[in-house]
2 protein chains.
Amino acid sequence: MGIPTVERSRAVEDYVKAIHAIADDGGDRSVGTTALASHLGVTPASASGMVRKLATLGLASSSPYRGVTLTDDGEGLALSILRRHRLLETFLAQRLGIPWDRVHAEAEVLEHVLSVELEAAIANNLGNPDRDPHGAPIPRSDLTVEEQQTFPLDQLAEGDRVRFVRIPDERPEMLRWLAERGIAPGVEIELKRREPFGGPLTAAINGREHQLGVELAAAIRVEYL
Amino acid sequence: MGIPTVERSRAVEDYVKAIHAIADDGGDRSVGTTALASHLGVTPASASGMVRKLATLGLASSSPYRGVTLTDDGEGLALSILRRHRLLETFLAQRLGIPWDRVHAEAEVLEHVLSVELEAAIANNLGNPDRDPHGAPIPRSDLTVEEQQTFPLDQLAEGDRVRFVRIPDERPEMLRWLAERGIAPGVEIELKRREPFGGPLTAAINGREHQLGVELAAAIRVEYL
DNA sequence: AACAAGAGTTAGGCATGCCATAATCTCATC
DNA sequence: GATGAGATTATGGCATGCCTAACTCTTGTT
Ligand SMILES: [Mn+2]
Ligand SMILES: [Mn+2]
Ligand SMILES: [Mn+2]
Ligand SMILES: [Mn+2]
């Protein structure tokens with residue numbers, strides 16, 4: 001633990017964030033070098049080197065050939081970056097009217113530069129929001145996160161009625177497609193039909209029917225009502 | 001001219017800004033390497049090297065041993081950074097309630113990272129302000145700047161009545177001292193007395209008399225009513 | 001139990017970027 | 001035309017982060 005006083009390079013922060021992200025959706029096991037590397041678009045050798053560095057910085061621990069795990073410090077750093085990222089996205093969308101498909105790219109840069117004071121001011125200005133524009137939970141200032149069980153829309157059965165919870169923020173085209181149709185976290189969705197063989201899903205949303213491709217349906221996370 | 005599309009390092013931007021700043025208050029002549037170096041806290045050798053680099057980037061032109069001048073491109077870059085800086089200061093102070101003595105440090109970092117879109121959104125959100133919290137003019141989006149003649153408060157004669165126009169943003173203590181007394185750009189000032197030998201000035205501001213040290217009085221720029 | 005394939009690591013380098021010291025050079029002035 | 005302040009060059013150091021090539025583990029299969 002401990003308040004991050006040290007200067008952390010952008011690369012270090014992005015690696016830590018990546019390790020956190022990969023571990024998180026693979027159910028918390030340790031992260032492989034290759035997965036990490038491909039996530040960041042570098043070679044495994046590079047990732048391996050950086051992992052060693054993260055270890056000396058006390059951010060990760062890795063037994064060679066066994067994968068990486070974040071230390072408590074590393075986990076804290078990851079969460080604090082995630083907090084800044086999501087607060088920024090929320091602020092940009094809500095206060096500056098930046099479309100939700102573009103806030104991610106901006107936040108990706110600003111997250112590495114935001115001062116503690118500014119982070120606090122933004123959180124305060126927004127009334128300490130729980131979720132970012134894409135429905136992702138914003139880590140609280142004590143770095144706890146509300147966990148919630150969600151399901152990908154493509155696993156529903158016909159007739160299921162659910163609420164749209166969240167969607168990844170990295171795919172602008174998807175976000176734009178949804179925005180054009182007024183589909184955003186919070187709306188109710190009823191699954192009408194699903195075509196076999198990777199066919200589209202038909203869903204009723206806001207009183208209209210929409211055809212959702214499999215990729216999209218897999219990206220949309222929902223909760224049961 | 002031309003829209004800055006290329007990646008410019010933070011150092012490059014700060015050098016250009018420094019050249020602009022030094023040239024600007026010395027009445028536009030070319031800037032010496034040593035002055036530039038000491039302004040940035042590096043050795044003349046380093047500044048010399050960077051100046052050569054700025055020249056290859058088309059941002060500055062320098063005849064060796066004769067000092068540096070910004071090219072039109074360089075001037076444009078300087079002004080655009082200045083615009084971002086001052087928009088940021090205004091935004092932070094006005095929308096996020098950051099005290100005016102702290103906005104400078106934040107802006108100093110963010111100015112290098114702000115996207116064009118965000119700059120526009122901020123300007124728009126603020127209603128395209130003319131001046132930052134310290135009274136400095138904000139370059140317009142076409143990079144023109146309103147020039148205005150001002151005088152340092154310490155050059156006034158007893159009895160002069162003036163308006164506080166601006167104050168440098170780099171000295172937090174000064175700013176805090178002023179803020180505590182409700183003295184900010186826009187207020188009227190009447191010079192009551194000046195003590196000789198570098199003594200303080202007595203000025204009536206907001207219906208109260210204040211003793212202003214020489215340094216402070218020299219930093220405060222005013223216009224005649 | 002041996003082995004191959006895949007995952008991971010190490011070694012060696014390269015590129016960028018920025019700055020410093022030391023030595024040298026230039027130019028304006030006396 | 002000597003001098004000294006200012007400027008430049010030559011070298012080198014350090015920090016970052018990436019790559020390729022070659023090697024070593026680990027593990028699942030046979
Ligand atoms: Mn990032
Ligand atoms: Mn998001
Ligand atoms: Mn700066
Ligand atoms: Mn200012």
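Letters go in sequence order (proteins before strands), and every chain restarts at 1. Side chains are part of it too, since the values below use all heavy atoms of this structure and drop only hydrogens, waters and symmetry mates.
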All side chain to side chain donor-acceptor pair (under 3.5 Å) counterparts of A:Asp101, not counting sequence neighbours: A:Arg176
Using the test salt bridge (Lys or Arg N to Asp or Glu O under 4.0 Å), find all partners of A:Glu170 that sit at least two apart in sequence or belong to another chain. none
Segment of DNA chain C, first to last nucleotide, that comes within the 4.0 Å heavy-atom reach of chain A: C:dA7 to C:dT10
Protein-proximity profile, nucleotides 6-12 of chain D, B/S/- by nucleotide at the 4.0 Å heavy-atom cutoff, equals BBBB---
Salt bridge (Lys or Arg N to Asp or Glu O under 4.0 Å) against B:Arg83, all qualifying residues, sequence neighbours excluded: B:Glu119
Sort and list the pairs that fulfil side chain to side chain donor-acceptor pair (under 3.5 Å) and have at least one residue in residues 51-66 of chain B, not counting sequence neighbours. none
With sequence neighbours excluded, tell me which residues meet salt bridge (Lys or Arg N to Asp or Glu O under 4.0 Å) with B:Glu180. none
Hits for side chain to side chain donor-acceptor pair (under 3.5 Å) against A:Asn125, two or more places apart or cross-chain, chain-then-number order -> A:Arg95
If you look at every strand shown and take non-hydrogen atoms under 4.0 Å, does A:Thr43 touch a base, only sugar-phosphate, or nothing? base
For residues 102-109 of chain A, which side-chain donor-acceptor pairs fall under 3.5 Å, sequence neighbours excluded?
from, atom 1, to, atom 2, distance (Å)
A:Arg102, NH1, B:Glu117, OE2, 2.6
A:His104, ND1, A:His85, NE2, 3.0
A:His104, ND1, A:Glu89, OE2, 3.3
A:His104, ND1, A:Asp169, OD1, 3.4
A:His104, ND1, A:Asp169, OD2, 3.1
A:His104, NE2, A:Glu108, OE1, 3.3
A:Glu106, OE1, B:Ser115, OG, 3.0
A:Glu106, OE2, B:Ser115, OG, 2.6
A:Glu108, OE1, A:Lys17, NZ, 3.3
A:Glu108, OE2, A:Lys17, NZ, 2.7

Could you check whether the rings of B:His134 and B:Trp100 sit parallel, tilted or perpendicular, using 30° and 60° as the cut-offs? parallel
